[in-house]
Amino acid sequence: MSGDNRARLLALYATMCRIRAFEETALAAHRAGEIPGPLHVSIGQEAVATGVCLNLQADDRITSNHRGHGHALAKGAGVAGMMEELFGRAGGHCRGKGGSMHIADFSVGMLGANGVVAGGIPIAVGAAQGLRMLGSSAIVCCFFGDGAINRGPFLEGLNWASLYDLPVLFVCEDNGVAAFTRAESVTAGAGVLARAEALGVAGVSVDGNDAAAVDDAASRLIAEIRAGGGPRLLHATTYRLMGHTSTDPARWREAGEVEAARAHEPILRLRARLLAEGAAMKALDAIEGDAWAEMSAARSAALAAPWPDLATAWEDVQDIGAAQEAV
Amino acid sequence: MSGDNRARLLALYATMCRIRAFEETALAAHRAGEIPGPLHVSIGQEAVATGVCLNLQADDRITSNHRGHGHALAKGAGVAGMMEELFGRAGGHCRGKGGSMHIADFSVGMLGANGVVAGGIPIAVGAAQGLRMLGSSAIVCCFFGDGAINRGPFLEGLNWASLYDLPVLFVCEDNGVAAFTRAESVTAGAGVLARAEALGVAGVSVDGNDAAAVDDAASRLIAEIRAGGGPRLLHATTYRLMGHTSTDPARWREAGEVEAARAHEPILRLRARLLAEGAAMKALDAIEGDAWAEMSAARSAALAAPWPDLATAWEDVQDIGAAQEAV
Amino acid sequence: MADVTLIEAVRLAALQEMRRDPRVWVLGEDVARGGLFGQYGGFVEEFGPQRVVSTPISESTIMGAGLGAALVGTRPIIEMRIFDFVMCAMDELVNQIAKIRYMFGGQAKPAVVVRMPHGIWRNSAAQHSQTLESWFTHIPGVVVAVPATPADAAGLLVSAIRSDDPVLFFDPKNLFPRRGALADIIAPLPFGQARKIRDGKDLTIVSWSAAVPIVEEAVETLAARGISADAMDLRTLWPWDEDAVCASAARTGRLLVVHEAVTTGGFGGEVVARVVERLGPGALRRVARLGQPRVPVPFAPPLEDALKPDAAKVVAAAESLLRD
Amino acid sequence: MADVTLIEAVRLAALQEMRRDPRVWVLGEDVARGGLFGQYGGFVEEFGPQRVVSTPISESTIMGAGLGAALVGTRPIIEMRIFDFVMCAMDELVNQIAKIRYMFGGQAKPAVVVRMPHGIWRNSAAQHSQTLESWFTHIPGVVVAVPATPADAAGLLVSAIRSDDPVLFFDPKNLFPRRGALADIIAPLPFGQARKIRDGKDLTIVSWSAAVPIVEEAVETLAARGISADAMDLRTLWPWDEDAVCASAARTGRLLVVHEAVTTGGFGGEVVARVVERLGPGALRRVARLGQPRVPVPFAPPLEDALKPDAAKVVAAAESLLRD
Ligand SMILES: Cc1ncc(C[n+]2csc(CCOP(=O)(O)OP(=O)(O)O)c2C)c(N)n1
Ligand SMILES: Cc1ncc(C[n+]2csc(CCOP(=O)(O)OP(=O)(O)O)c2C)c(N)n1
Ligand SMILES: [Mg+2]
Ligand SMILES: [Mg+2]
């Protein structure tokens, strides 16, 4: 293993650990009543966001869905602002107005999670079109789940990106389930790649629990996109270890299903590979420990952080005709 | 040529002549100020509706789009009620409330034209689902244009039909243009068949200006559907000889384009074939003459027919909470 | 007679109707798993997957397919999961379902029920908290139900399922745990009849859906302060009980409309305008509306609380109405 | 100064702004062919297909892509062709565009203009005739413009394009041939300022969009009968000129709101409610609204005419308001 490659694997490992630690910490905080509202965690799916975003540059943009913590972190969103946002605090990236489902950090090109399935797809293609118009060479990466490919915007957005040759990487995070319903019971045909292909968007499938494989695939597709090849799609198969939301026990799963899946989860897998390839266990433990420490500190900080000033509730609506706070 | 086949071709010829005569008559009436509102004619595309509907039974249903006269006539809608509807008269199928764009005749299973592109697709799949639930063996045929395949309902509806194995024949009438924009400039990928295939819906392409070919293809697909094979798609290429609406000169077309297309129009083609295969010119002329006489009589009748009573404007809204006419 | 939660009451109502009429069925995401709120719990086991159809995430087609199925004679319950997602199905609802009977001159009656759990609920933020019921009062062709109690929700749902009109049924998300009595056989409750919350003479308070418990609480406080409010729950917004509201307002001369929706463009404006048109301004002393300001629903609990109507705001508004 | 039609005025306004600011562009069906009404005639020749983008029939994505392009700093004009098709793009408009600035705590201002030619036009029937402008006054985050004259339409469109807020711009289909004076350099017209149609003292008439010419005609008839109406055109519904309306209503004591939209749930209710809230019922003698009944727009000319507000109905309503 070359040193370069080792460093890249370690970078993947570190980001995945940070996503996992962030979400486990958030889950604990949610259970403790510190975080209000719905919380969708991507535990088990970290390799996708991580492998893809490692190939993005600072001015590239991403759009995300309801399960967006990993995408945001991998794109470089500030942890303090993210944790405070989940807690609804003044220092959140969205000033406490969005919460988990609307996490966004425009300063790093994270154009927002979305509470509407497939909602990010048209936004992504438009962002790419706008960037080109402005003479930028940045690209846009659009994350969505397997559930989103049954909504109209999937067809419209891919047709659009293909038509205008837009620099968009579509990433379908296929965890085989949409909310409480198995993907195969609601998705006809040969799958997302075939759909994309039929719309003029070439793509590849990848084991989405293998961070290095995702990294490789994304890097190839993104190179094609940057070379002016138009949009591409990455189909990453993965597994959602938790329920749909933090409060969903997902009892409909078959006995043993989740346990079996744990054996393939991306962090353990990359860790095993790194160890097999000679990485020091201590170094890996340190990475993991740092991640947990970082997130735990972020939790404490968020818990101690001030609530938004009530007057801010009236701000950020619009410039013209903004509602006035009753005095 | 067998007698059976000859009879079938003559039936196709007769229906096409009736559609052509209906629409030419309506166009003339529109130009004369007798028909209000927008009018979308399918002149040049008659073979598609005709060839498909010849294979439908009385209790089969169809849904249509904004260009629905041909579909309605081919499914057996009453001419007097259609013409009166275009004229906005009391005796119209929709009591004068719908007009050309909302022509419907439920008594023959014509569930309505639609002013919204792709609007008929979800209705068709739902109708098929409902029919199955009621134990009916009827099928549903859903007509739409090439423009409709870029709207979300195309993906959603085909996925749905495929998923639930619904008895639906999707018919894409591909005249190569949507309003004033060429299909190829707004449609990416390999086309409607590839899109359908990717959604689990098998289909075939056919020369949509060859009524006999459409008839053949539709008959095969419909047999598969009736045998429980689930949905199918028929892709019929054709040409719109007129502008988008009755008032659109379609000046953007290339010089000679329309003239060239006239040589391939379906009625002349079938007529030439019938003559070549020994049909009597007089018989064909009689069919054509009858069609024109029928439509001309319908025009006169519609023009003389009473307007709807003003009180009917308040009817057919809803049972509960219907608005009351001010007295 | 049982004491049940609102969500159980609507489950029982739909269950009763599906047992009564084999043409009734339900389609929507996860409904074969009982639905997001358990409102279809046990349905698939009893009626099978043909009548309890868990669908893809395809709101346009959920709505449009429901319409198509109604056009051939079935009676679908179209489940939208959360109100806000109906935005993905507005063409099918507003351009198709609401207009098809009229456009086709009465050839078809689209007998669908569209269920849309709505309202501000557990800090779900701007995309999962909307209350736009007033929009649909503006759309000819549909009936609009906004119940607030288990018995009303169940009775109106029974009426909705039996009605040939498309009924937009707003399940009140925030009131799902609310308990109340429910008859063993759920009778259909007619649309357009308000329910009296409290008799009074000093002012009229009109509300619906999630605003009802707020008003219930406020009228107790007001009573304790010697103010007697005549308060009612409209239960349906189209048709709505103009007669009851006008009669009360004519007696009290003071009208307060309370709803969770944004005040501007909300149905409170319609209520006020109608009452003033019918009675004449001279019959009234003061009128006011209380709703959400024209601001999206924020996520942070203190912000959400600050903007949302509550009992204290109702009391304050009522007291201010009485100060001439 | 030129004398131009309304549709030419808005063409010139968009042209001026596209010349001024290279970040402005337009997307929608057939816009590179000049648009359905010629409102983009000559644009593609001048600005090229990158800035004048003829799109597929994909309303969701036309709207959503416009938003995405705004989020990275361009200023799209999103053309919906006919208002009714916005029903295919409501998620993108209401759940995304209107809320994104707020949900993201001000990180982005979606500077889009959404153009939606609306209204009853040439017997186009129920799916091509809707006037639902009141809906959007109920949605925080957006500005709502409903001009009725060439100069107002042009001036408001310039403001809309320059504004960082999402502006919903209702091109009045039926008034496109209406002529009027237009300055050579079109100045931005501020939102929220009503335009006086006629000064008067007997009653206040408020209108907008397609109702304006009706009111113009009616006030002449009324004047001939000795009734002096104080009539105004709101021009924008959010923000709207409460002060002007209240001042006039306070003077005349009689308020009539006229709009083409269905009366129930229309913005007339908001106007009436707000005026009565602000002035108190005691300041008024009579109020009324005149709009379309709660019936879809029918196709047949006599039916359409029977339901649609017209000058005779305005005159009748005004006269009845004066009969105490
Ligand atoms: C348009 C729309 N319909 C329904 C929902 C409710 N919903 C939220 S997430 C979800 C499942 C999404 O599945 P998928 O896209 O596969 O993402 P995953 O949750 O598996 O990561 C559903 C149905 C929604 N948010 N938006
Ligand atoms: C959702 C929607 N968008 C736009 C329109 C306006 N429109 C009416 S017909 C048409 C072109 C449709 O093209 P196609 O589906 O190919 O049918 P054709 O007219 O060619 O028969 C358009 C854009 C519409 N009716 N509905
Ligand atoms: Mg999934
Ligand atoms: Mg076409």
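Computation of the quantities below employed the complete heavy-atom set of this structure, encompassing side-chain atoms and omitting hydrogens, waters and symmetry-equivalent molecules. Order of the sequence lines fixes the chain letters, A, B, ..., with proteins taken first and strands second; residue numbering starts at 1 for each chain.
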Contacting region of [X] [heavy-atom separation from chain D under 4.5 Å]:
| X | value |
| --- | --- |
| C:Glu59 | neither |
| C:Arg274 | both |
| C:Ile139 | both |
| C:Thr263 | backbone |
| C:Ser129 | neither |
| C:Ala125 | neither |
| C:Val297 | backbone |

Is it the side chain or the backbone of D:Arg289 that comes within 4.5 Å of chain C heavy atoms, both, or neither?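 For D:Arg289, backbone and side chain are both near chain C.
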Engaged part of D:Gln292 at the chain C interface, taking heavy atoms whose separation is under 4.5 Å: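 Neither part, no heavy atoms under 4.5 Å.
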Residue among [options] with most heavy-atom pairs under 4.5 Å to chain C:
| options | result |
| --- | --- |
| D:Val94, D:Val272, D:Val275 | D:Val94 |
| D:Gly282, D:Gly105, D:Gly141, D:Pro298 | D:Pro298 |
| D:Leu132, D:Leu93, D:Val86 | D:Leu132 |
| D:Glu92, D:Arg285, D:Gln96, D:Gln130 | D:Gln130 |
| D:Lys99, D:Arg286, D:Met103 | D:Lys99 |
| D:Trp238, D:Phe136, D:Phe85 | D:Trp238 |

Aromatic rings D:Trp208 and D:His259: how do their planes relate, parallel, tilted or perpendicular, breaks at 30° and 60°?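 It falls in the tilted class, 30° to 60°.
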How long is the straight-line distance from [atom2] of [Y] back to [atom1] of [X], given to the nearest 0.5 Å?
| X | Y | atom1 | atom2 | value |
| --- | --- | --- | --- | --- |
| C:Glu270 | C:Glu242 | CD | CD | 8.0 Å |
| C:Phe299 | C:Ser124 | CZ | OG | 9.0 Å |
| D:Asp165 | D:Ile97 | CG | CD1 | 12.5 Å |
| C:Leu168 | C:His118 | CG | NE2 | 11.5 Å |
| D:Ser207 | D:Leu256 | OG | CG | 9.0 Å |

With a 4.5 Å cut-off on side-chain heavy atoms, are C:Val142 and D:Arg294 touching?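 With C-beta onward as the side chain, the pair touches.
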Measure the shortest side-chain to side-chain distance between C:Leu290 and C:Val314 over non-hydrogen atoms and say whether it is less than 4.5 angstrom.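 Heavy-atom side-chain distance check passes, below 4.5 Å.
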Please lay out, stage by stage, how D:Thr204 and D:Thr252 fare under the test side-chain hydrogen bond (donor to acceptor under 3.5 Å, both in side chains). CA-CA 6 Å; D:Thr204 301; D:Thr252 66; 2.7 Å; yes
Are any side-chain N or O atoms of D:Trp135 and backbone N or O atoms of C:Trp135, one a donor and one an acceptor, separated by less than 3.5 Å?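 Looks like yes, one N/O pair under 3.5 Å.
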C:Arg251, CZ atom: more than 12 neighbouring heavy atoms under 6.0 Å: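 Yes, the 6.0 Å shell around CZ holds more than 12 heavy atoms from other groups.
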Top of C:Gly268, C:Ala288, C:Gly280, C:Ala89 for chain D proximity - count of heavy-atom pairs under 4.5 angstrom: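 Highest number of heavy-atom pairs under 4.5 Å: C:Ala288.
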Determine the option with the most heavy-atom pairs under 4.5 angstrom with chain D, choosing from C:Val287, C:Leu284, C:Asp84, C:Leu237.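 Most heavy-atom pairs under 4.5 Å with chain D: C:Val287.
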